[in-house]
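Both backbone and side-chain heavy atoms feed into the values below; hydrogens, waters and symmetry mates do not.
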Amino acid sequence: MADPESWSARRTRWMNQLHARLSARAAAATAFSQKPEPRTIGSYAKGRQLIAGNLQFAGHLLEAKGAMLWDLDPPDAAFEEEIHGFVWLDDLAAVGDPAARELAQRWLWGWVARYGRGKGPGWVPELTGRRLIRWIHHALFLLHGIERPQAQQFYQSLAHQSNFLGRRWQAAPPGVARFEALTGLLYAGLALDGMGRYVLPARSALGVECRSQVDAQGGIPTRNPEELLEVFTLLTWASAALDECGKLPEAPHLDAIDRIAPTLRTLRHADGGLSRFHGGGRGLDGRLDQALATSGAKNRHADGLAMGYARLSAGRTSVIVDAAAPPSGTASLKAHASTLAFELTSGRRPLIVNCGSGAVFGEDWRRAGRATPSHSTLTLDGYSSARLGKAGKIGAARLEALADIPRDVPIQITHAPDGIRFEGGHDGYRRTHGLTHARTLELTFDGSGLVGEDLLIALDETDERQFDRRLSAAKAKGIPFSLRFHLHPEVDSAVDLGGSAVSMALRSGEVWVFRHEGSAELALEASVYLEKGRLRPRATKQIVLTGRSMGYATRIRWSLAKPQDTKVAIRDLARDDIEVST
């Protein structure tokens, strides 16, 4: 019997192809009704790499100087999706010289010749919307020096893709994909002669999506900060395009922008990058600032959670904590087991991070990146804090479904005598081990120190009996735990001679020192930093405290602080009698 999901995927693909071919029969656009303005930000460095023939997409690098992009054999589906979305046009437009224009024109009209009749992998609503946005943004760059027959092909293809979106935008999955499809359709309706019939349906549909996908906290179901930025950016582009044509966005559209802006400010570290949770990265350089400036929304989030995250900030230090259960439903397929994990950035330099999403490096890395050991928090007995499996070393492929999903995640943010305090807990280990993980973080008013306490506790007699069973199975040796603090790759770390502390030097010259209390063993171990745009994971280090839970309550206290005399700390870090990390 055929797999229902496979059949559904085949049917969707067949329907897309059918509507792509039928859409070619509609009347073509002949010109722009208004002068298009580029709003996307590209990378000059990436543009130069493309011109040089170094084609890096979705974690793969192909060296193919002078090659036609569409003649290459894509290494995987992610590579194919990225090239058909035409985001690389932003990078070539950022260079903007004749060589960049010639390459952009050759690849674009090559796509029209190869796929313009409605066949091929690029004919899905979200990719078509992404592609339309870029073609319209960079139309003046693309049409410079083009002969009339080629210009007609360009307009005809724009109309063809617009008509396809008008038929198939509903087939895009809810979330970023559907917002991309609708924004592309709205752009086409506003910018192209003969496509104005799509403006009202697209504007109305965007309002509906904003109502259903953006909650009262200004969050989205995936809880992915980078995806939230993508949604926000698309909404600001759509709003600006409507304003320029003298049209108003739907009220839910404007309300969503007002709700998302303060949430993104909460999720932004002191260095301007986003916190890296639930598959999200730091975001493209400049994208967040540009989107916030374009939105005009100046309000900030009130104290409390924003999309399930808590923020502590003081001085030049920011701490962002995942203070909610992982996403549920279809969003759980990309969720990470990161409840109570935190990141810390000092000034312009990240210090404590999560490993990030390994999706671009293959299935093994994707699964490993989702597990609790890839986050800066506590792991118990090798389990993840959510039903993502039992994880061994980072990068391991075999993850068995063992842990529970946290359902109760109480949190409280209050003022401490010398700073601000976060208190939270989750029950992800309660069913399996009878233990609740509670975490307290206190950031000083000047941002120079973070004091933490992690507690494993059995809350009632049922929990105690479950813990006793686990302890008996371990032959009274205790239940092992690990407390992990992943360091950014640009942090130079060293274990002090006595093994009681770790010194961490940032490239800014700042030094932080990690210390702990109790019997847990301290070690500096290998880790990885996973990020899009790179060909392989970056090697880094992690501070690990290991111990065993022998009773109904286990407490681990630790601190991260900047020494009063930074020069002395730097001198000590360079001493020969300190084991320096490589």
In Å and rounded to the nearest 0.5 Å, what is the [atom1] to [atom2] distance from [X] to [Y]?
X      : Y      : atom1 : atom2 : value
Phe232 : Leu292 : CZ    : CG    : 5.0 Å
Ser493 : Gln542 : OG    : CD    : 10.5 Å
Lys562 : Ser448 : NZ    : OG    : 6.0 Å
Ile260 : Leu235 : CD1   : CG    : 5.5 Å
Leu344 : Leu351 : CG    : CG    : 5.5 Å
Leu545 : Arg557 : CG    : CZ    : 13.0 Å

Reference residue Leu483; test side chain to side chain contact (heavy atoms under 4.5 Å, CB included); the match among Leu522, Val544, Ile556, Thr379
Ile556
Test side chain to side chain contact (heavy atoms under 4.5 Å, CB included), reference Thr317, set Leu443, Leu312, Leu450, output is Leu443
For the aromatic rings, using the six-membered ring if either is Trp, is the centroid distance between His336 and His375 under 6.0 Å?
yes
Centroid separation Phe467 to Tyr552 less than 6.0 Å
yes
When you measure from the side chain of [X] to the backbone N and O of [Y], does any donor-acceptor pair fall under 3.5 Å?
X      : Y      : value
Thr222 : Ala331 : no
Ser318 : Ala270 : yes
Ser374 : Arg370 : no
His433 : Leu435 : no
Asp427 : Asp408 : yes
Ser500 : Asp496 : no
Ser549 : Ile479 : no
Glu442 : Gly419 : no
Ser376 : Ala341 : no

From CA spacing to verdict: side-chain contact (heavy atoms from CB on, under 4.5 Å), Leu456, His437
CA-CA 5 Å; Leu456 288 168; His437 175 208; 4.3 Å; yes
Salt bridge flag under 4.0 Å for residues [X] and [Y]:
X      : Y      : answer
Asp492 : Arg507 : no
Arg287 : Glu230 : yes
Arg223 : Asp215 : no
Asp463 : Arg430 : yes
Arg439 : Glu453 : no
Arg348 : Glu510 : no
Arg470 : Asp381 : yes

Give the C-alpha distance, both sets of side-chain angles, the deciding distance and a yes or no for ring-ring contact (aromatic ring centres under 6.0 Å, His included) between Tyr429 and Tyr383.
CA-CA 8 Å; Tyr429 302 120; Tyr383 281 56; 7.3 Å; no
Can you tell which of Arg538, Arg276, Arg536 makes a salt bridge (charged side-chain N to carboxylate O under 4.0 Å, His left out) with Glu531?
Arg538
Shortest non-hydrogen contact from [X] to [Y]?
X      : Y      : answer
Ile41  : Gly286 : CD1-O, 3.7 Å
Ser503 : Val513 : OG-CG2, 4.0 Å
Thr339 : Pro406 : OG1-CG, 4.0 Å
Phe342 : Asn354 : O-OD1, 4.1 Å
Ala458 : Glu464 : CB-CG, 3.9 Å
Pro252 : Arg211 : CG-NH1, 3.0 Å

Side chains of [X] and [Y]: donor-acceptor distance under 3.5 Å anywhere?
X      : Y      : answer
His278 : Asp322 : yes
Thr444 : Asp418 : no
His486 : Ser527 : yes
Glu343 : Ser275 : no

Does NZ or CZ of Arg548 lie under 6.0 Å from the centre of the six-membered ring of Phe481, at an angle within 45° of the ring axis?
no
Report the C-alpha separation of Thr236 and Thr294 in whole Å, then their side-chain angles, then the decisive distance to 0.1 Å, and conclude whether the side-chain hydrogen bond (donor to acceptor under 3.5 Å, both in side chains) test is met.
CA-CA 7 Å; Thr236 58; Thr294 302; 5.4 Å; no
Pair Leu264, Leu229 - check side-chain contact (heavy atoms from CB on, under 4.5 Å), show working.
CA-CA 7 Å; Leu264 285 172; Leu229 173 57; 4.2 Å; yes
Walk me through whether Leu487 and Met504 qualify under side-chain contact (heavy atoms from CB on, under 4.5 Å).
CA-CA 9 Å; Leu487 305 179; Met504 295 155 286; 3.7 Å; yes
For the residue pair His516 and Phe514, categorise the inter-ring angle as parallel (less than 30°), tilted (30 to 60°) or perpendicular (more than 60°).
parallel
If we only count heavy atoms from C-beta on, is the Ser559 to Glu517 side-chain gap below 4.5 Å?
no
Where do Glu525 and Lys541 land on the salt bridge (charged side-chain N to carboxylate O under 4.0 Å, His left out) test, with the steps shown first?
CA-CA 6 Å; Glu525 299 180 0; Lys541 296 288 185 178; over 6 Å; no
Is it the case that over 12 heavy atoms from other parts of the model lie below 6.0 angstrom from the CZ atom of Arg469?
yes
In terms of heavy-atom contacts, does CD of Glu363 have more than 12 from other residues, nucleotides or ligands at under 6.0 Å?
yes
Show your working on side-chain contact (heavy atoms from CB on, under 4.5 Å) between Thr554 and Leu455 and close with a plain yes or no.
CA-CA 6 Å; Thr554 302; Leu455 182 66; 5.8 Å; no
Check step by step if salt bridge (charged side-chain N to carboxylate O under 4.0 Å, His left out) holds for Asp289 and Arg268.
CA-CA 10 Å; Asp289 289 336; Arg268 180 170 58 176; 2.8 Å; yes
Just grab all the ring pair (Phe, Tyr, Trp, His ring centres under 6.0 Å) pairs involving residues 526-551, residues at least two apart or on different chains.
His488-Tyr529
All salt bridge (Lys or Arg N to Asp or Glu O under 4.0 Å) counterparts of Glu180, not counting sequence neighbours:
Arg130
